[in-house]
Amino acid sequence: MESRVWGCVLFLFLAVFLCVSPAAAEGEVEKVLTLDHSNFSEVVSKHDFIVVEFYAPWCGHCKSLAPEYEKAASILSSNEPPIVLAKIDANDESNRELATEFQIQGFPTIKILRNGGKSIQEYKGPRDADGIVGYLKKQVGPASTEIKSVEDAGSLIDDNTIFIVGVFPEFSGEEFENFTALAEKLRSDYAFGHTLSSKFIPRGEAVSKPTLRLLKPFDELVVDFQDFQVDAMEKFIEESTVPIVTLWASDPSGHTYVSKFFNGGNDKAMLFVNLSTEHDAFQSIYKDVAASYKGKGISFLLGDIDAGQGALEYFGLKVEQAPLLIIQKDNGQKYLNPNIKPGQIGSWVKDYANGLVKPFIKSQPIPEVNDEPVKVAVTASLEDMVFNSGKNVLLEFYAPWCGHCQKLAPILEEVAISFEKDPDILIAKLDATANDVPKDTFDIRGFPTMYFRSATGNLLQYDGDRTKEDITEFIQKNRDKPADLTSPESQTTKSESVKEASTKDEL
Ligand SMILES: *[C@@H]1O[C@H](CO)[C@@H](O)[C@H](O)[C@H]1NC(C)=O
Ligand SMILES: *[C@@H]1O[C@H](CO)[C@@H](O)[C@H](O)[C@H]1NC(C)=O
Ligand SMILES: *[C@@H]1O[C@H](CO)[C@@H](O)[C@H](O)[C@H]1NC(C)=O
């Protein structure tokens with residue numbers, strides 16, 4: 001569960017598929033329909049309700065889902081009405097277009113297609129067979145359930161989840177229609193009910209005019225809203241379902257909110273402490289600060305260092321730096337205050353909001369020994385090795401887990417060896433998962449990505465074949481000859497680019 005949440009988060013930050021590990025298991029008679037580009041539309045158009053899993057054969061989470069999904073398909077095939085579960089290999093070249101059309105960004109992604117595919121929703125339910133069955137049964141029924149008594153409310157509403165109720169004097173009129181449209185739209189995210197009397201609902205004041213009442217397990221516990229424009233209600237729900245402080249502990253019940261926190265558009269403040277010892281010292285102060293920034297573009301999370309260790313690793317930080325406050329901006333920039341005391345939180349966040357805090361840039365340490373043919377670059381040495389070295393540099397951005405990078409490694413090494421005697425050429429590599437890459441200079445969308453920077457500062461992305469011959473030819477073609485370097489014109493370019501690089505360093 002936890003790794004799932006964190007998988008999504010990392011995916012968001014890195015735009016990289018996280019799932020790994022091979023192998024496959026085949027069932028005998030599959031209840032899950034297999035679709036591909038040739039029959040997807042045809043099959044979908046025939047169904048009023050069909051569930052489609054977009055998977056990749058190499059994705060570990062997909063593999064653990066497969067038997068549960070199959071079991072659910074088998075149970076649901078005898079539901080009344082039957083519910084059809086299907087899957088499509090979104091990694092297969094011929095199905096990629098469909099994956100793009102459905103905006104698949106990670107695996108597995110499950111979509112609920114209604115009305116012959118005209119309405120599409122994301123599946124947000126559990127990933128075990130019983131959970132899938134329960135969630136999907138609710139999805140085929142009406143989007144909102146009528147609450148006719150206190151008992152009805154008791155069986156529908158539990159204290160740990162969000163529930164949205166529409167209170168109406170009668171089940172007609174524009175407000176009711178808008179509410180129904182809203183419930184239809186958001187039904188895969190929240191449970192909805194409607195009632196003629198607010199007195200059946202366990203929380204909140206009595207109301208007589210049409211009211212949207214949201215029950216939640218945190219903060220105010222109940223909030224009302226009386227503007228029945230669909231967009232306004234949606235915005236209200238979006239805002240009211242984010243806790244003032246999202247708690248990230250080992251208890252999985254909060255993980256929906258953790259996902260929501262990371263998926264939100266605000267700047268993200270994350271305080272990591274040892275919750276078992278320091279909960280009290282930080283909680284109320286942090287919550288007060290968070291409350292004072294409500295609606296001002298910063299969301300707040302309080303994370304246990306144990307639960308959030310993956311996050312710390314991701315940021316290249318250590319447990320010893322806790323209590324640690326990190327703010328991550330939408331553009332990826334990070335601001336850091338290690339070993340913070342409760343009393344410093346308010347003023348630091350204020351400084352941040354006023355633009356007075358400098359961003360933190362993650363870098364591996366500069367290696368003491370760097371004598372392999374392909375040199376190791378880190379963010380902290382980019383200036384010296386790449387921007388300021390006066391050399392022609394081929395720089396590879398890689399990820400340790402990336403297969404294409406591993407294939408490229410010996411080729412790059414051969415290239416580096418062939419240039420070893422040439423003092424003007426440098427071949428280097430940078431682990432882009434352990435170093436922050438200056439985004440305004442390098443556009444890294446996948447691994448490996450190679451850039452070439454000529455001695456005079458011409459920056460090119462390499463898009464040729466990953467062969468020794470092509471890479472070598474590219475370097476020879478684009479390098480500056482030693483003679484170029486002394487011409488007055490190129491001198492100017494050089495000093496300009498140096499200036500540019502040092503400005504970058506401050507940003
Ligand atoms: C869709 O086409 C693929 C490839 O021909 C086939 O394996 C699959 O069974 C088809 N699915 C359905 C539901 O017809
Ligand atoms: C119902 O929703 C539509 C579209 O958002 C809006 O124009 C209309 O004013 C709403 N009706 C009421 C009574 O709020
Ligand atoms: C958090 O505090 C508890 C209690 O003192 C301790 O046992 C645990 O090791 C601490 N966790 C970390 C990651 O330091």
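First listed ligand is number 1; within each ligand, the first listed atom is number 1.
- Between Q309 and ligand 3, not a single N/O pair is under 3.5 Å apart.
- Around the NZ atom of K31, the shell of radius 6.0 Å holds no more than 12 heavy atoms that belong to other residues, nucleotides or ligands.
- The ligand atoms of ligand 3 that sit less than 4.0 angstrom from a heavy atom of T277 are 2 (O), 4 (C), 5 (O).
- For atom 2 (O) of ligand 3, the protein comes within 4.0 Å by at least one heavy atom.
- Near T34, with a cut-off below 4.0 Å to any heavy atom, the atoms of ligand 1 are 1 (C), 8 (C), 9 (O), 10 (C), 11 (N), 12 (C), 13 (C).
- Shortest contact from atom 5 (O) of ligand 2 to any protein heavy atom: V230 N, 3.3 Å.
- How far CD1 of I132 is from CZ of R127: 9.0 Å, rounded to the nearest 0.5 Å.
- Looking at heavy atoms from C-beta onward, I345 lies in side-chain contact with F282 at the 4.5 angstrom threshold.
- Defined by atom type and a distance below 3.5 Å, a donor-acceptor pair is present between the side-chain atoms of T241 and K260.
- Within the set E234, E177, Q229, the minimum heavy-atom distance to atom 7 (O) of ligand 2 is found for Q229.
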Q: Please report the C-alpha distance between Y69 and Y55 in whole Å, then the side-chain angles of each, then the deciding distance to 0.1 Å, and finally whether the ring-ring contact (aromatic ring centres under 6.0 Å, His included) criterion is met.
A: CA-CA 12 Å; Y69 195 64; Y55 73 97; 9.3 Å; no

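- Atom 14 (O) of ligand 1 is flagged as protein-proximal [any protein heavy atom, distance under 4.0 Å].
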Q. For K235 and D227, what are the C-alpha separation, side-chain angles and deciding distance, and is it a salt bridge (Lys or Arg N to Asp or Glu O under 4.0 Å)?
A. CA-CA 11 Å; K235 184 155 180 277; D227 178 348; over 6 Å; no

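- For the pair S276 and ligand 3, the shortest N or O to N or O distance falls below 3.5 Å.
- Checked for salt-bridge contact, K287 and D219 meet the test: a charged N lies under 4.0 Å from a carboxylate O.
- Among the candidates I164, T161, L214, the single residue satisfying the side chain to side chain contact (heavy atoms under 4.5 Å, CB included) test with Y190 is I164.
- For atom 9 (O) of ligand 3, no protein heavy-atom neighbour is found at a distance under 4.0 Å.
- Nearest protein heavy-atom contact of atom 4 (C) of ligand 1 is D36 OD2, 3.1 Å.
- Screening E205, E175, Q226 for a side-chain hydrogen bond (donor to acceptor under 3.5 Å, both in side chains) involving T211 leaves a single residue, Q226.
- Protein heavy atom at the shortest distance from atom 12 (C) of ligand 2 is N178 ND2, 3.6 Å.
- When each atom of ligand 1 is checked for a heavy atom of N39 under 4.0 Å away, the hits are 1 (C), 2 (O), 3 (C), 8 (C), 10 (C), 11 (N), 12 (C), 14 (O).
- Below 3.5 Å of separation, one finds an N or O of E174 facing an N or O of ligand 2.
- For ligand 3, the atoms sitting less than 4.0 Å from at least one non-hydrogen atom of N274 are 1 (C), 2 (O), 3 (C), 8 (C), 10 (C), 11 (N), 12 (C), 14 (O), numbered in the order shown with element in parentheses.
- Distances between N or O atoms of E175 and those of ligand 2 include no value under 3.5 Å.
- A donor and an acceptor atom, one from each side chain of Q121 and R114, are located under 3.5 Å apart.
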